[in-house]
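Heads up, the thing below is written out as structure tokens.
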Amino acid sequence: MDWQYLAELFLGGLTRGSIYALIAIGYTMVYGIIELINFAHGEIYMLGAFTGLIVASVLGILGFPPAQILILAALAAIIYCAGYGYTMEKIAYKPLRGAGRLSPLISAIGMSLFLQNYIILAQTSDFLPFPSLIPEFAFLDPVAHIFGSSNFVIVLTSSVSMAALTVFIKYTKMGKAMRATAQNRKMAMLLGVNADKIISITFLLGSSLAALGGVLIASHVGMVNFAVGFLAGIKAFTAAVLGGIGSIPGAMLGGLFLGLSESFATGYISSDYEDVFAFTLLVVFLIFRPSGIMGKAKVEKV
Amino acid sequence: MHALKKSLLISLWFMFLTFPIMVIRVNTIEHTVIWRWNNLILIGIGSFVLSLIWPWALRRREASRAKDSTAQAQVHILDRLAANKNILRTVIVALLALFLAIPLLGTTYQTNILISFLLYVILGLGLNIIVGVAGLLFLGHAAFYAIGAYSYALLSQYFGLGFWLALPLGGLIAALAGLALAFPVLRLRGDYLAIVTLGFGEIVRLVLENWSSLTGGPSGVSNIPRPGLMGMQLDVAQANIYVYYIVLVMAMITIVAVARVKDSRIGRALQALREDEIACQAMGIDRVGVKLMAFSLGTAWAGFAGVIFAAKTTFINPASFTFFESAIILSIVVLGGMGSNLGVILGAAFLVLLPEYMRAFSEYRMILFATAMVLMMVFRPQGLIPARGRIYHVDDPDAHSSNGGQA
């Protein structure tokens with residue numbers, strides 16, 4: 001048993017998993033409230049990475065220090081992606097409320113293709129290098145070969161934002177209204193919850209987290225292109241399903257589970273089939289335990 | 001006045017939203033920035049106009065819905081045309097003559113475009129059985145297209161099988177693969193089914209890409225033989241025309257077969273499944289059997305199309321069978337009208353022929369598809385030509401009442 005290799009895989013999986021969890025939260029929140037798989041969520045993450053890259057490059061040319069650039073770029077990405085998420089919901093999903101389940105899903109696929117091609121046309125279809133903005137921390141030096149500072153920042157930022165989200169959902173009035181809407185939208189509306197507003201806020205929150213994930217992973221990996229959102233989106237969706245779709249702690253757990261198992265599978269089995277592994281896990285889970293780790297089985301009433 | 005103010009705000013919002021992506025373009029190597037301010041003006045004007053039209057279009061949609069529910073089902077103009085056998089026959093004969101004559105009159109380029117159009121007709125009609133008729137959202141159609149293409153490529157590479165043997169085999173293998181996918185997903189429906197089929201499609205593509213010893217990996221299989229015509233050696237242009245006729249015949253078979261399936265007992269069971277799964281089971285329809293049937297019937301056509309595609313291009317690689325391909329086939333079905341065969345053919349014509357003949361817009365092809373998909377779902381979810389059930393006429397009122405129980 002090679003312990004160092006094991007630790008390396010574990011920490012790599014942790015980094016990956018926290019990003020999946022950040023994106024998966026957006027899926028799970030939207031699904032919880034309007035029962036829609038927001039296919040375009042992965043594209044929001046990609047837009048976050050692109051906005052971050054553009055802002056970071058402009059600031060870099062203006063001569064800002066890297067740490068400030070990182071924070072400003074992440075903020076810009078969050079603000080813009082929240083805007084994109086909000087607008088997307090108003091255009092493509094809101095007019096379709098109450099129109100069955102197939103129409104919004106196809107509309108979401110259309111939105112996802114739209115955003116990909118928007119980037120191709122307005123920016124480029126090539127891979128762009130992303131500047132490495134995360135500073136090296138001296139206290140991580142002894143373990144830097146297995147757990148670099150970018151891994152540290154990713155795990156830390158995502159844990160903090162997930163904790164903040166949990167507090168928001170659990171202890172604020174808005175969070176309570178969100179939970180009520182997820183449980184029963186009509187009843188919540190009767191009790192004076194503005195469901196449209198709650199849905200908008202859900203999209204804002206989910207998109208901001210995805211944007212944060214986009215900037216973090218792009219500066220960790222060092223590359224972005226228009227297609228990164230598709231794979232990341234599907235994997236994050238897998239994470240959401242693993243944890244039980246609709247459940248926020250489930251999405252976090254599912255993200256970590258997927259990240260770790262993917263990391264171990266590529267480390268010990270084969271790296272060629274890295275993506276096949278995630279898809280297989282998704283298929284197997286949907287077939288045998290569609291309610292996921294934390295979800296409750298749904299009983300259908302006729 | 002109020003509407004104008006609102007539109008102004010919306011256009012400002014869009015100008016803000018699209019600012020970093022549309023206006024700024026950074027050159028990451030030379031570290032220079034290009035500012036494209038004219039894009040900002042375009043976005044502003046465009047979103048201003050669109051935001052004025054948008055609420056009006058939504059109101060119109062509501063109005064037409066209200067009208068639909070009150071007015072009795074009116075006879076559609078197409079129905080009236082189709083009811084007249086003479087007109088119908090003339091149109092079909094004219095179209096057929098046109099399609100038969102095109103390779104003799106047109107260039108190789110024209111023939112190539114029409115081959116791909118007819119391939120998409122076959123693919124779209126196959127998917128239409130699953131998505132349109134049975135209502136199972138299926139996002140992995142390209143995988144079965146790939147399975148068909150690779151069956152022919154690999155069978156001819158390893159066993160020297162000819163095209164005519166590979167064509168039915170490719171369809172069969174794709175149908176079996178469809179069954180293999182259908183078994184585990186029987187319990188899933190709606191969006192979960194969509195995701196699993198998408199995952200399956202990606203798995204197939206990734207396996208084709210990584211199993212290099214068998215499939216040649218990302219570089220694919222080349223030198224796939226073209227179909228032979230009774231031992232004659234054809235040059236490239238002739239072979240192309242030959243493939244065109246094969247695909248034309250295949251498309252006609254598909255159109256007839258799919259139309260027959262739709263009106264058959266199976267087809268009606270599939271439509272019942274689409275409308276309500278539980279009620280359909282309560283009516284004594286074998287849900288499992290019907291679902292398996294839908295999958296294998298749909299994917300078989302993708303297999304046939306795949307074999308023809310491989311024979312036409314003589315070179316295939318996994319990059320031809322991405323999720324994009326599945327999305328295009330899906331949008332053909334959605335734009336044309338789910339469940340409507342004529343709609344699917346028209347959808348294929350729109351999505352394949354229009355971009356080919358309007359080269360100037362080829363860059364914008366995908367973004368226009370995507371926009372059309374969203375707008376179609378918002379304003380006309382039933383598609384260009386909505387599916388309509390077959391109308392059965394009973395001439396003798398007595399026969400009707402006595403046979404009522406069996407009808």
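Note on naming: letters A, B, ... go to the chains in the order of the sequence lines (proteins, then strands), and numbering restarts at 1 for each one. Values below: all heavy atoms of this structure, side chains included; hydrogens, waters and symmetry mates excluded.
We find the CE-OG distance between M376(B) and S103(A) to be 11.5 Å, quoted to the nearest 0.5 Å. With rounding to the nearest 0.5 Å, the separation of CG in L105(A) from CG in L139(B) is 7.0 Å. Here the straight-line distance linking atom CZ of F323(B) with atom CD1 of I234(A) works out to 7.0 Å at 0.5 Å rounding.
Between W54(B) and P95(A), the closest side-chain pair of non-hydrogen atoms falls below 4.5 Å. Residues M22(B) and Y118(A) are in side-chain contact: their nearest non-hydrogen atoms beyond the backbone lie under 4.5 Å apart. Considering only heavy atoms from C-beta on, N117(A) stays 4.5 Å or farther from Y364(B) through its side chain.
Between chain B and the residues I109(A), T51(A), I54(A), V276(A), the most heavy-atom pairs under 4.5 angstrom are made by I54(A). Of the listed residues L128(A), L282(A), V55(A), I106(A), the one with more heavy-atom pairs under 4.5 angstrom with chain B than any other is I106(A). Across I367(B), I24(B), V196(B), L198(B), the residue that shares the most heavy-atom pairs under 4.5 angstrom with chain A is I367(B). In terms of heavy-atom pairs under 4.5 Å with chain A, the best-connected choice from V33(B), L137(B), V131(B), I195(B) is I195(B). Annotation: maximal heavy-atom pairing with chain B below 4.5 Å, among F39(A), F130(A), Y93(A), F230(A), occurs at F230(A).
Using a 4.5 Å cut-off between heavy atoms, S112(A) does not touch chain B at all. Residue contact with chain A, scored on non-hydrogen atoms closer than 4.5 Å, is absent for F379(B). Residue contact with chain A, scored on non-hydrogen atoms closer than 4.5 Å, involves the side chain of V334(B) exclusively. At a 4.5 Å heavy-atom cutoff, L375(B) makes no contact with chain A through either its backbone or its side chain. No part of I10(B) comes within reach of chain A, as not one of its non-hydrogen atoms sits under 4.5 angstrom from that chain.
Judged by distance alone, the side chain of Y80(A) and the main-chain N or O of L17(B) form no donor-acceptor pair under 3.5 Å. Judged by distance alone, with hydrogens and angles left aside, the side-chain atoms of R36(B) form a donor-acceptor pair with the main-chain N or O of A122(A) at under 3.5 Å. A donor-acceptor pair under 3.5 Å is formed between the side chain of Q123(A) and the backbone N or O of I21(B).
Residue F350(B) places its CZ atom among 12 or fewer non-hydrogen atoms of other residues, nucleotides or ligands, all under 6.0 Å distant. In the displayed structure, F16(B) atom CZ is contacted under 6.0 Å by more than 12 heavy atoms of other residues, nucleotides or ligands. Within 6.0 Å of the CZ atom in R60(B), the count of heavy atoms belonging to other residues, nucleotides or ligands does not exceed 12. Heavy atoms from other residues, nucleotides or ligands lying under 6.0 Å from NZ of K94(A) number 12 at most.
Closest heavy-atom contact between G110(A) and A370(B): O-CB, 3.2 Å. Among all heavy-atom pairs drawn from I91(A) and V378(B), the shortest one is O-CG2, 4.1 Å. Contact between T18(B) and Y84(A) at its shortest, heavy atoms only, is CA-OH, 3.6 Å.
Of all residues in residues 201-211 of chain B, those placing a non-hydrogen atom less than 4.5 angstrom from a non-hydrogen atom of chain A are E202(B), I203(B), L206(B), V207(B), N210(B), W211(B).
The aromatic rings of Y86(A) and W13(B) stand perpendicular to each other, their planes meeting at an angle above 60°, with 30° marking the opposite boundary.
Not a single ring-ring contact (aromatic ring centres under 6.0 Å, His included) links W56(B) to another residue, sequence neighbours left out.
For F279(A) and F200(B), the gap between ring centers reaches or exceeds 6.0 Å.
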